[in-house]
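Letters A, B, ... are given to chains in the order of the sequence lines, protein chains preceding strands, and every chain is numbered from 1. All values below come from the heavy atoms of this structure, side chains included, with hydrogens, waters and symmetry mates left out.
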Number of protein chains: 2
Amino acid sequence: MRKIEQKHAEGESIMGLERIDFIREQLKSKKVVYVNQLAEKLFVSPSTIRRDLGHLEKEGLVRRFYGGAKLMEHPSNEIPFFTRKEENLAAKEIIAELAADLVADNQVISLDATTTAATLPRFLHNKENLKIITTSAQIALDCLDLLLPARIFCTGGWLSATSRGFTGETTRMRIAEYYTDLAFFSARAFSWENGITDVNEEDVCLKQEMIRRTRKAVFLCDHTKFDQISYRLVCGAAELDCLVTDRRPSDEWLKRLESAGVEVIFPE
Amino acid sequence: MRKIEQKHAEGESIMGLERIDFIREQLKSKKVVYVNQLAEKLFVSPSTIRRDLGHLEKEGLVRRFYGGAKLMEHPSNEIPFFTRKEENLAAKEIIAELAADLVADNQVISLDATTTAATLPRFLHNKENLKIITTSAQIALDCLDLLLPARIFCTGGWLSATSRGFTGETTRMRIAEYYTDLAFFSARAFSWENGITDVNEEDVCLKQEMIRRTRKAVFLCDHTKFDQISYRLVCGAAELDCLVTDRRPSDEWLKRLESAGVEVIFPE
DNA sequence: CGTCAAATGCGCAAAATCGAGCAGAAACAC
DNA sequence: GTGTTTCTGCTCGATTTTGCGCATTTGACG
């Protein structure tokens, strides 16, 4: 007990995991950390800090440079699923509620492995006899826990930690086996010139397959995603049938989307 | 020894369950606990704390690390499945721990959608480069949350509420695509005359496919299942390669299993 | 291009922690 | 009472983490 208090008095001579967590926080707020600074602050030797940063580098969280390390700007795909789910939660819920109105009884719908799509099932309680096709293990189990009156088909495949969904050739083939009334999907960015883009090559292929195999492709797109560009093309605006968002888009966007024949749904 | 008496004088030398409850509270509020910190706070030896944390790890509540333990964020996925999981929990853990010893690095193993099989992944932390093939959505996501160093393949298919796993023809075909080193499965009942039996027609077909496509079929069978009969045959005893149970079977059973060429694994 | 202080990676030894096994104490069953 | 089980603390060899020395690399400065 005394020992611990003493340590606290001296500052935190933290150990192992907790120290690395501290470094993570520093990185989050400051983007850059320096070996000496951390060593001093944490009362450990620079060697230890170097080792820690080495671990974080292996994880892909930072890039080392001479004297310290810099936070790697992560595509949001690599932020843990449950953190991502909290981001813009209000927006996702607004979108999900509006999107749910598109669904009618007895339909077959598909959902991709995104946090936005994962918000949708909560609003499907009053639909009867749905079939839900999804690439997301998380969404599949969520539907069970919600006691949805629906049949759930999950593609299977290799499980991805970041999306908590499945990827790979098997997954794509499974999607291709179903033609759906509605396909709900999201992505990281939407710009007029570059269309819908996202970071993960494999996930993009799955979205494309979903879009190809549906009567009505519905893009769930919160306001933060407009006029952004990621790098891998999902599809152009013209290939959409419908876009659901949480705020009224600008007049310019509305005009563009209308001219492209995209039905736009937003609150009020 | 003096130390202990002193401790008694100072107050809380908490014992057993009460101590573990305290650790639970600490975990809830702080997310991370340290062996030494707890030992001092609770006036017991570090050994005891290690044992306690070991128990909590088996329960799946924490993940141990050098010097302490961290609360496992088990963010959703619960309840109806969980109640069944509590039954014979101790037996399942004993079986899982023994079964895990059968697994070697770099192997491909399959797990069916049973609660007994679901206990296994917790004991696979020290194996490297595993591939896990499962029909269970629950197990797949559990493996993620455990941060297992393994690739997870999930068959997909139509989701069953009772097993939280997949069934159907698609599922069977997916299993058939992989040949595994080990197949771990469980079932309702095991009798000498009628072999392994279970209730659900569809699930039985999947188990059979798993058994057909493996080098070593391992039946996870707690003591309550011996000399029981359900109705749908999975396979006869002779088709097993190995049986793992939580208590020494009767001499008669041991003799039978030996004569059938089944390796029998039980504690001690 | 050369110099030099600072930072780095590597190996090693000290320290801390771990798990397994053993033995004593307390609780319990009979 | 006797035997059994459970819990706890301790010992010991093994593992992990940490700090330091040392040769090497880096990058700023002249």
Side-chain angles (χ1 to χ4, degrees), chain A residues 1-4 6-7 10-23 32-59 62-70, chain B residues 1-23 32-59 62-70 89-91 93-94 97-98 100-101 105 122-128 149 246-248 267-268:
Chain A
M1 185 67 89
R2 171 167 309 121
K3 212 161 131 200
I4 293 173
Q6 184 187 347
K7 283 180 182 176
E10 281 186 14
E12 318 232 356
S13 158
I14 303 179
M15 52 196 301
L17 199 147
E18 193 177 350
R19 187 183 54 243
I20 291 189
D21 277 345
F22 180 83
I23 298 176
V32 180
V33 293
Y34 299 93
V35 173
N36 286 332
Q37 225 175 78
L38 284 174
E40 204 177 319
K41 215 177 283 189
L42 294 167
F43 298 93
V44 291
S45 72
S47 292
T48 302
I49 298 297
R50 275 187 214 108
R51 263 184 289 249
D52 291 343
L53 293 179
H55 290 147
L56 292 174
E57 187 177 35
K58 248 194 217 162
E59 279 182 31
V62 300
R63 210 181 60 230
R64 296 289 308 282
F65 63 83
Y66 200 78
K70 183 167 176 263
Chain B
M1 188 56 84
R2 165 173 309 120
K3 226 157 129 200
I4 294 175
E5 312 245 319
Q6 183 190 349
K7 285 168 184 177
H8 271 275
E10 281 187 16
E12 348 195 15
S13 154
I14 301 181
M15 53 198 300
L17 289 177
E18 195 178 351
R19 186 183 55 243
I20 290 191
D21 278 344
F22 179 84
I23 297 176
V32 180
V33 293
Y34 297 94
V35 172
N36 286 333
Q37 243 173 63
L38 285 174
E40 290 193 28
K41 215 176 282 189
L42 294 166
F43 302 100
V44 291
S45 72
S47 292
T48 302
I49 298 297
R50 273 187 217 109
R51 262 184 290 249
D52 291 343
L53 293 179
H55 291 147
L56 293 175
E57 186 178 38
K58 273 189 192 172
E59 279 182 33
V62 300
R63 172 83 194 282
R64 297 274 272 110
F65 64 86
Y66 198 84
K70 189 175 170 233
L89 180 62
E93 279 174 1
I94 292 170
E97 202 163 358
L98 291 171
D101 286 337
D105 292 345
R122 270 182 232 150
F123 299 90
L124 296 177
H125 263 297
N126 53 342
K127 317 290 179 184
E128 281 176 20
D246 60 318
R247 294 187 190 174
R248 187 181 202 285
E268 282 142 306

Atom pair CZ (Arg51(A)) and CD1 (Ile20(A)), whose distance is rounded to the nearest 0.5 Å: 11.0 Å
Touch class at under 4.0 angstrom, heavy-atom based, for Thr48(B) against every strand present: sugar-phosphate
Short side-chain N/O contact to dA16(C) OP1/OP2 from Asn36(B), under 4.0 Å: no
Arg51(A) side chain near dG19(D) phosphate (N/O to OP1/OP2, under 4.0 Å): no
Helical bend (five base pairs per end, nearest 10°) for the helix from dC1(C)-dG30(D) to dC30(C)-dG1(D): 30°
Heavy-atom check, side chain of Thr48(B) versus side chain of Leu42(B), under 4.5 Å: no
Between dA7(C) (P) and Tyr34(A) (OH): distance, integer Å: 12 Å
Which residue lies more 5' along DNA chain C, comparing Tyr66(A) with Ser47(B) via nearest heavy atoms: Tyr66(A)
Distance test, side-chain N/O of Arg64(B) to OP1/OP2 of dC18(C), below 4.0 Å: yes
Minimum side-chain heavy-atom gap Asp52(A)-Arg19(A) below 4.5 Å: yes
Short side-chain to backbone donor-acceptor contact, Arg63(A) and Lys70(A), under 3.5 Å: no
Residue met sooner reading DNA chain D from 5', once Pro46(B) and Pro46(A) are mapped to nucleotides: Pro46(B)
Val33(B) side chain reached by Leu53(B) side chain, heavy atoms, under 4.5 Å: yes
Touch class at under 4.0 angstrom, heavy-atom based, for Phe65(A) against every strand present: sugar-phosphate
Nearest listed nucleotide, side chain of Arg50(B), among dC20(D), dT8(C), dT17(C): dT17(C)
